J.: 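Quick one: the structure is below, and I'll ask about it shortly.
The model shown is predicted, which means the values in this text are computed figures rather than measured ones.
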Amino acid sequence: MLIAEAQQQAQLAGLHGLKENVQQLLDLQNSTLTIIKDSLQAASSMFSRRHRKQRHLLETLQELIYLVDQGPGAAPLGFQDCEDIRRSGLKDDGIYTILVPNVTEPKRVFCVMDTDGGAWTVIQRRENGTVNFQRNWQDYKQGFGDPAEEHWLGNEVVHQLSSSKNYSLRMEVEDWDGNMFYANFERFQLGSEEQFYRIFLDKHSGAALHGQHRILGSNNFSTHDADHDNCGCNCAKALTGGWWFDTCGASNLNGLYYPAGEHLHKVDGIRWHHSFEAPTYSLRSSRMMIRPLPNW
């Protein structure tokens, strides 16, 4: 028995030693993985910064090419919208810089280069809830967010664009089952700030959305700190975001973003009442885009 007990003690000691070796290997592995993770994050951050710089240089080069092509008598205004960019020969979707009439600073926009009918300038996008749309009047006037992701281009920019040319509007939404719905308006204009950025729509066509004119009509824009709706209440406070609320109607693409599983029965979510869903259904994504009419 003494011999057996001694053998067990020796085996236990060996196992303890093996355990310590394994633990050391695991600690070394974890340390190595941490170093690799930190290196990857640093490389990713560096790549993102380099990508942004390359995009900025590309935008500048594109504008220079455009101005050179226009000849020595060209006005130094660059691109006014995405359709100008498309006509210059650039065909890829992405971020470009435009110079808007009566707006001092250049504006970065996302362009959808639809070869059939012209390029769209995106003025609103919702897709994942990463950007806060619970903003005041000044924020909605100037714009916010990243044009490559969720953003609002800015009421003043859209007013100046739609006052310089005749524009059409396209609105797209997606529900949580992957169904896409859209509405096209042949004529679109946004009034001035003195007109509370009132929306004007005409000649609706080819849509899968229900009741577009009834939902938007010709309404003033409102935010929680600038109530211009047709309700005795403050629709922007009750329904969140900034929108053309009328009497707190059935649409608001700038409401709170509710993820899947939390998107039902939400009066303050991303709403557009169409024939397939209830008016309290909060949508997964939305996009609003404008482009000049063909005669422009």
J.: For Arg87, is there any backbone N or O sitting under 3.5 Å from a side-chain donor or acceptor partner on Asp84?
T.: no

J.: If we ignore hydrogens and angles and just use 3.5 Å, is the side chain of Asn128 paired with the main-chain N or O of Thr130 as donor and acceptor?
T.: yes

J.: Atom CG of Asp246 and atom CG of Asn219: how far apart are they, to the nearest 0.5 Å?
T.: 4.0 Å

J.: Using every non-hydrogen atom in the two residues, find where Gly145 and Pro147 come nearest and quote the distance to one decimal.
T.: O-CD, 3.9 Å

J.: Once side chain to side chain contact (heavy atoms under 4.5 Å, CB included) is applied, do any residues pair with Ala238, and if so which ones, sequence neighbours excluded?
T.: none

J.: Applying ring pair (Phe, Tyr, Trp, His ring centres under 6.0 Å), name anything that partners His228, two or more places apart in sequence or on another chain.
T.: Trp137, Phe196

J.: Considering residues at least two apart in sequence or located in another chain, which fulfil the side chain to side chain contact (heavy atoms under 4.5 Å, CB included) criterion with Lys266?
T.: Tyr258, Asp268, Ser282

J.: Would you call Arg125-Glu150 a salt bridge at under 4.0 Å N-O?
T.: no

J.: Strictly by salt bridge (Lys or Arg N to Asp or Glu O under 4.0 Å), give each pair with a member in residues 127-136 just once, sequence neighbours left out.
T.: Arg135-Asp139

J.: Check whether Trp244 and Leu256 end up in the same hydrophobic cluster, where Ile, Leu, Val, Met, Phe, Trp and Tyr are linked by side-chain heavy atoms less than 4.5 Å apart.
T.: no

J.: Check whether any side-chain heavy atom of Phe79 lies under 4.5 Å from a side-chain heavy atom of Thr97, and answer yes or no.
T.: no

J.: Would you indicate whether the side-chain heavy atoms of Leu153 and Val109 approach each other to under 4.5 Å?
T.: yes

J.: Between Val112 and Val122, does the side chain to side chain contact (heavy atoms under 4.5 Å, CB included) criterion hold? Intermediate values first, please.
T.: CA-CA 7 Å; Val112 178; Val122 178; 3.9 Å; yes

J.: Who passes ring pair (Phe, Tyr, Trp, His ring centres under 6.0 Å) against Phe110, sequence neighbours left out?
T.: none

J.: Out of Phe188, Tyr182, Trp272, which residue meets the side chain to side chain contact (heavy atoms under 4.5 Å, CB included) rule with Met171?
T.: Trp272

J.: Could you give me the CA-CA distance, side-chain angles and deciding distance for Asp225 and Asn136, then say whether side-chain hydrogen bond (donor to acceptor under 3.5 Å, both in side chains) is met?
T.: CA-CA 6 Å; Asp225 62 333; Asn136 60 25; 4.6 Å; no

J.: Going by distance alone, is a donor N or O of one side chain under 3.5 Å from an acceptor N or O of the other, for Trp243 and Ser251?
T.: yes

J.: Sequence neighbours excluded, which residues qualify as salt bridge (charged side-chain N to carboxylate O under 4.0 Å, His left out) partners of Asp81?
T.: Lys165

J.: Could I get the full list of side chain to side chain contact (heavy atoms under 4.5 Å, CB included) partners for Pro101, not counting sequence neighbours?
T.: Gln80, Ser164

J.: Going from CG on Asp227 to SG on Cys233, what distance comes out if it is rounded to the nearest 0.5 angstrom?
T.: 7.5 Å

J.: The criterion is ring pair (Phe, Tyr, Trp, His ring centres under 6.0 Å); which residues satisfy it with His263, sequence neighbours excluded?
T.: Trp176, Tyr281

J.: How long is the span from the CG atom in Leu169 to the CG atom in Leu201, to the nearest 0.5 Å?
T.: 6.0 Å

J.: Quick one: pull up CG in Asn254 and OG in Ser286 and give me the separation to the nearest 0.5 Å.
T.: 7.0 Å

J.: Are the side chain of Gln195 and the backbone N or O of Ser192 linked by a donor-acceptor pair below 3.5 Å?
T.: yes

J.: Check whether Tyr167 and Phe185 end up in the same hydrophobic cluster, where Ile, Leu, Val, Met, Phe, Trp and Tyr are linked by side-chain heavy atoms less than 4.5 Å apart.
T.: yes

J.: Quick check: do Leu190 and Asn155 have side-chain heavy atoms less than 4.5 Å from each other?
T.: yes

J.: Is any side-chain heavy atom of Ile85 closer than 4.5 Å to a side-chain heavy atom of Met113?
T.: yes

J.: Would you please name every residue forming a ring pair (Phe, Tyr, Trp, His ring centres under 6.0 Å) with Tyr140, sequence neighbours left out?
T.: Phe144, Trp152, Phe221

J.: Do Leu239 and Arg271 have side-chain heavy atoms sitting under 4.5 Å apart?
T.: yes

J.: Rounded to the nearest 0.5 Å, what separates atom CE in Met289 from atom SG in Cys82?
T.: 10.0 Å

J.: Run the salt bridge (charged side-chain N to carboxylate O under 4.0 Å, His left out) test against Glu193 and tell me which residues pass, sequence neighbours left out.
T.: Lys141

J.: Could you tell me if the side chain of Arg170 sits less than 4.5 Å from the side chain of Arg287, heavy atoms only?
T.: no

J.: The test is side chain to side chain contact (heavy atoms under 4.5 Å, CB included); show your working for His159 and Tyr197 and say whether it passes.
T.: CA-CA 7 Å; His159 159 64; Tyr197 295 120; 4.1 Å; yes

J.: The criterion is salt bridge (charged side-chain N to carboxylate O under 4.0 Å, His left out); which residues satisfy it with Glu156, sequence neighbours excluded?
T.: none

J.: Does the Cys235 SG fall under 2.5 Å from that of Cys248?
T.: yes

J.: Could you report the tightest heavy-atom contact between Val173 and Leu253, atom names first, then the distance?
T.: CG1-CD2, 3.9 Å

J.: What distance do Thr121 atom OG1 and Leu161 atom CG have between them, rounded to the nearest 0.5 Å?
T.: 7.0 Å

J.: Evaluate Asn230 against Phe245 for side chain to side chain contact (heavy atoms under 4.5 Å, CB included), listing each step before the verdict.
T.: CA-CA 8 Å; Asn230 296 316; Phe245 286 107; over 6 Å; no

J.: Do Glu186 and Asp202 pass the side chain to side chain contact (heavy atoms under 4.5 Å, CB included) test, and can you show the C-alpha distance, the side-chain angles, and the key distance before you say yes or no?
T.: CA-CA 6 Å; Glu186 184 177 337; Asp202 190 23; over 6 Å; no

J.: Identify, with sequence neighbours excluded, every residue that meets side chain to side chain contact (heavy atoms under 4.5 Å, CB included) alongside Arg291.
T.: Asp114, Trp120, Ser168

J.: Answer yes or no: is there a side-chain heavy-atom contact under 4.5 Å between Gln160 and Val103?
T.: yes

J.: Please examine the side chains of Arg126 and Gln124, heavy atoms only from C-beta on, and report whether any two atoms are closer than 4.5 Å.
T.: yes

